[in-house]
Colleague: 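Structure incoming, see below.
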Amino acid sequence: MVTPFIRPAASKIKTLHARVRAFYRTRRRDLPWRRTRDPYRILVSEVMLQQTQVDRVIPKYAAFLSRFPTLASLARARLAEVLRVWVGLGYNGRALRLWRCARTIARDHGGAVPSKLETLYELPGVGTYTAAAVAAFAFGKRVPVVDVNVRRVLSRTMTGRDDASAQEVARIARAALPRTGNACWTQGLMDIGARFCRPSPRCERCPLRATCAYAKHGAPPIRAARRARGTFVDSERYYRGRIVRLLCAKPSVALADLGRQVKERFDARDGPWLERIAHKLAREGLIRIDERRDRVRLA
DNA sequence: AAGTCGGGGCG
DNA sequence: CGCCCAGACTT
């Protein structure tokens, strides 16, 4: 029987604040999106960082901003151009939604990224996390920002477990919201989550070790078993990626040739399901299929 | 609540 | 090989 979490001790939170802020002041990661407060650039970074590690985002972030330096430039670009820069980063739907997001902001918000949490949340591709991140990092808003790192760190330090529910962590995050310096607090938690408080924890050198309920008893991380994903190659996802990559490299392709061009050892039986994947991509808005002329291209 | 959506790096 | 990642969106 585990003691249910009631309310975090104020003194413990104060100590965490001090330690996290001290860590952030002296040992934070030097990341490109921390060198600007341009809301557009913050927004781009946050969308890129969705389910994507920092090290993989850094080069794409630079390339993207070099090609689309302002929100207006992104909003007036063709989606195909955006996809060509994005491809390789994964989750291509994010590029589509970021592009739509920029167009929505240009059309409905005078080209200025909204600062209000609820308004941000309305934008395509902006969910609970990203809305909070932009509000906090670009506009200094005092709102809880909970990503997977923050969740792990708060769960472990405050409950002694690494599996606190999202709702429970949300309560803790609200209770722990600092009066000032929310962005530094949050990003400090993220850095600690990435360097020490990882899924397999490295408590030995963690700056929160002395304050952490989890580090004390040192229980091994227990996490829910994930469903097997199978091999990625030859999965439907794999060929979605192949199709988008192919179309990034060519202006257009015949639908009848698509399968042969994305699949090794293509045979006639592969035609229908690869074509079905293409139609799904078209329905999502990533590619365009001209049935009459038998041509496929980026949207 | 559960599925879908990329891709790469690491243990 | 399986697990993980500054999640969002659909069903």
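Proteins come first, then strands; the chains are lettered A, B, ... in the order of their sequence lines, and each starts at number 1.
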Colleague: Taking for each residue the nucleotide of DNA chain C with the nearest heavy atom, is it A:Leu123 or A:Arg56 whose nucleotide lies nearer the 5' end?
Modeller: A:Arg56

Colleague: So what does A:Thr186 touch, heavy atoms closer than 4.0 Å: a base, only the sugar-phosphate, or nothing?
Modeller: nothing

Colleague: Check the distance between B:dG6's P and A:Leu89's CG and give it to me in whole angstrom.
Modeller: 11 Å

Colleague: Given the P atoms of B:dG8 and C:dA8, what is the spacing between them in whole Å?
Modeller: 23 Å

Colleague: Counting the atoms with a prime plus P, OP1 and OP2 as sugar-phosphate, which does A:Gly193 contact under 4.0 Å by heavy atoms, base, sugar-phosphate, or nothing?
Modeller: nothing

Colleague: With heavy atoms under 4.0 Å as the rule, sort A:Ile42 into base, sugar-phosphate or nothing.
Modeller: nothing

Colleague: Ignoring hydrogens and geometry beyond distance, is the side chain of A:Thr52 in donor-acceptor contact with the base of B:dG6 at under 3.5 Å?
Modeller: yes

Colleague: B:dT4 P sits how many Å from A:Leu281 CG, rounded?
Modeller: 15 Å

Colleague: Kindly say if A:Arg100 contacts the phosphate of C:dA8, meaning a side-chain N or O under 4.0 Å from OP1 or OP2.
Modeller: no

Colleague: Rounded to whole Å, please give me the gap between CG in A:Leu96 and C1' in C:dA8.
Modeller: 12 Å

Colleague: Would the A:Phe137 and A:Trp33 ring centres measure less than 6.0 Å apart?
Modeller: no

Colleague: Separation of A:Arg283 atom CZ from C:dT11 atom P, in whole Å?
Modeller: 7 Å

Colleague: Round to a whole Å and report the spacing from CH2 of A:Trp86 to P of C:dA8.
Modeller: 12 Å

Colleague: Could you tell me whether the side chain of A:Gln50 and the main chain of A:Gly125 form a donor-acceptor pair under 3.5 Å?
Modeller: yes

Colleague: With rounding to the nearest 0.5 angstrom, report the CZ to CD1 distance, A:Arg242 to A:Ile277.
Modeller: 12.0 Å

Colleague: Starting from P on C:dC9, measure out to NZ on A:Lys280 and report it in whole angstrom.
Modeller: 17 Å

Colleague: Once you apply a heavy-atom cut-off of 4.0 Å, does A:Asp55 come out as touching a base, just sugar-phosphate, or nothing?
Modeller: nothing

Colleague: Which nucleotide sits closest to the side chain of A:Pro199: C:dC4, C:dG7, B:dG6?
Modeller: C:dC4

Colleague: Hey, does A:Trp33 reach any base, or is it just sugar-phosphate, or nothing, if we go heavy atoms under 4.0 Å?
Modeller: base

Colleague: Given B:dG6, B:dG7, C:dA8, which nucleotide is nearest the side-chain atoms of A:Tyr129?
Modeller: C:dA8

Colleague: Send over the distance from A:Gln167 CD to B:dA1 C1', rounded to a whole Å.
Modeller: 15 Å

Colleague: For A:Val145, which contact category applies under a 4.0 Å heavy-atom criterion: base, sugar-phosphate, or nothing?
Modeller: nothing

Colleague: A:Val20 and side chain to side chain contact (heavy atoms under 4.5 Å, CB included): which partner among A:Leu189, A:Thr157, A:Thr211?
Modeller: A:Leu189

Colleague: Should A:Leu298 and A:Leu246 be regarded as members of a common hydrophobic cluster, given that ILVMFWY residues are connected when their side-chain heavy atoms come within less than 4.5 Å of each other, either directly or indirectly?
Modeller: yes

Colleague: Taking atom C1' of B:dG6 as reference, at what distance in whole Å does atom CD of A:Gln50 sit?
Modeller: 13 Å

Colleague: Respond yes when some side-chain nitrogen or oxygen of A:Ser200 is under 4.0 Å from OP1 or OP2 of B:dG11, and no when none is.
Modeller: no

Colleague: Contact class for A:Ser45 (heavy atom, under 4.0 Å): base, sugar-phosphate, or nothing?
Modeller: nothing

Colleague: Which is true for A:Lys60 with a 4.0 Å heavy-atom rule: it touches a base, it touches only sugar-phosphate, or it touches nothing?
Modeller: nothing

Colleague: Can you see if the side chain of A:Gln51 gets near the phosphate of C:dC5 - specifically, an N or O under 4.0 Å from OP1 or OP2?
Modeller: no

Colleague: Touch check for A:Gly127, heavy atoms < 4.0 angstrom, all strands: base, sugar-phosphate only, or nothing?
Modeller: sugar-phosphate

Colleague: Applying side chain to side chain contact (heavy atoms under 4.5 Å, CB included) between A:Met48 and each of A:Leu98, A:Leu89, A:Ile58, report the one that passes.
Modeller: A:Leu89

Colleague: With respect to the phosphate group of C:dC5, does any side-chain polar atom (N or O) of A:Arg152 fall under 4.0 Å of OP1 or OP2?
Modeller: yes

Colleague: Return no unless some side-chain N or O of A:Arg240 is found under 4.0 Å from OP1 or OP2 of B:dG6.
Modeller: yes

Colleague: Heavy atoms only, 4.0 Å cut-off, all strands: where does A:Arg245 land among base, sugar-phosphate and nothing?
Modeller: sugar-phosphate

Colleague: Tell me whether the side-chain N or O atoms of A:Glu46 pair up with the base of C:dG7 as donor and acceptor below 3.5 Å, since no angle test is needed here.
Modeller: no

Colleague: Would A:Arg28 pass as a cation-pi partner of A:Tyr24, given that its NZ or CZ must be under 6.0 Å from the six-membered ring centre and within 45 degrees of the axis?
Modeller: yes

Colleague: Considering every strand and a 4.0 Å limit on heavy-atom distances, what is the contact class for A:Arg202: base, sugar-phosphate, or nothing?
Modeller: sugar-phosphate

